[in-house]
**Student:** 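Below are the structure tokens for one structure; questions will follow.
Order of the sequence lines sets the chain letters (A, B, ...), proteins ahead of strands, with each chain counted from 1.
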2 protein chains.
Amino acid sequence: MIILDAAHPSGPAEQIRAQITALIQSGELAADARLPPVRQLAGDLRVAAGTVAKAYKELESTGLVRTGRANGTRVNPGLVLDTLALKDVQRVVTAARKAGLSLEDVQGIIAVSWNA
Amino acid sequence: MIILDAAHPSGPAEQIRAQITALIQSGELAADARLPPVRQLAGDLRVAAGTVAKAYKELESTGLVRTGRANGTRVNPGLVLDTLALKDVQRVVTAARKAGLSLEDVQGIIAVSWNA
DNA sequence: TTGCTTGTATTGGTTTATTGATACAAGAGG
DNA sequence: CCTCTTGTATCAATAAACCAATACAAGCAA
């Protein structure tokens, strides 16, 4: 389920992209699962079809999703978690929760450390 | 250091807000530290002063920052990851780099672990 | 093949964000 | 007191995002 917030600092397309990303990464949208057609999702969210298409295209450019034509847009298989020290990851997540941070906050912190 | 990406789906104001948020929560901007004046940061980023002011105002509305007038805009104490967790963050980033992962990959793994 | 669905692209009009400039009041410092 | 800095507010003009409608080609199914 995707919900658009008019008061959100980001626009509709970015909100759709971010929420679908979260649905995929949380496993709620499994690999090979099919996203709703652009027209359908656009109708549900009271948004133009081009706006949903824009979000889908960005999802594809980041590799989260692939798209045939009449085949629709489908979820790509996920990342291999074994490549990382999962214990450290879990420690970070636990500490962040304790500090009252959101997922987006933690991802921002990762980005800061990444570019440091 | 704040960097604006013209290709980013979000606009300048939102990018500034998100990056300063991350800098604060990662401890790189300590409590009571002073943010650059709106005109200065605007000049550095080649952006209008009102755009930076808009970002500052949203930061204040979320409580991350306080603002006097000529006192400037300063970081509020509180929402920071503890030093231990920050070390874990660095370990994760280092391991990810070694494994050849991208920043987006790591952020995705964080998201998966977050919803696990 | 035919028919239908889907993603993509285009067009024109509307809305929102950003710009650049200006002005103002609160506070700091001399 | 005065001066300077800072955040805030406003304005008209430009840029970007979004909308609504349409058309098209790729692929699936019958």
**Student:** In whole angstroms, how far is the C1' atom of D:dT6 from the CG atom of B:L41?
**Tutor:** 14 Å
**Student:** Under a 4.0 Å N-O cut-off, is there an ion pair linking A:R66 with A:D32?
**Tutor:** yes
**Student:** Does a distance-only test, which skips hydrogens and angles, find a donor-acceptor pair under 3.5 Å between the side chain of B:R69 and the base of C:dG27?
**Tutor:** no
**Student:** When you check the gap from the basic side-chain N to the acidic O, do A:E60 and A:K57 get nearer than 4.0 Å?
**Tutor:** no
**Student:** Using a 4.0 Å heavy-atom cut-off, does A:E60 contact any base of the nucleic acid, only the sugar-phosphate backbone, or nothing at all?
**Tutor:** sugar-phosphate
**Student:** Start at the 5' end of DNA chain D and walk down; is the nucleotide closest to A:A70 or to B:A49 reached first?
**Tutor:** B:A49
**Student:** Would you mind telling me which of D:dT6, C:dA9, C:dG20 lies closest to the side-chain atoms of B:P37?
**Tutor:** D:dT6
**Student:** Same cluster or not: A:V112 versus B:V65, using hydrophobic residues (I, L, V, M, F, W, Y) connected whenever any side-chain heavy atoms lie under 4.5 Å apart?
**Tutor:** yes
**Student:** Measure from the side chain of A:K54, starting at C-beta and using heavy atoms only, and say which of D:dC18, C:dG20, D:dT6 lies closest.
**Tutor:** D:dC18
**Student:** I want to verify a distance call: between C:dG27, D:dT8, C:dG7, whose nearest atom is closest to the A:T73 side chain?
**Tutor:** C:dG7
**Student:** I want to confirm an ordering. Mapping A:G68 and A:T51 to their closest nucleotides on DNA chain D, which one lands closer to the 5' end?
**Tutor:** A:T51
**Student:** B:R34 side chain: which of C:dG7, C:dA28, D:dT6 is closest?
**Tutor:** D:dT6
**Student:** Evaluate the side-chain proximity of B:L35 to B:L41: yes if any heavy-atom separation is below 4.5 Å, no if none is.
**Tutor:** no
**Student:** In whole angstrom, give the distance that lies between atom CZ of B:R66 and atom P of C:dG27.
**Tutor:** 15 Å
**Student:** Checking all strands, does A:R74 fall into the base, sugar-phosphate, or nothing category for heavy-atom contacts under 4.0 angstrom?
**Tutor:** nothing
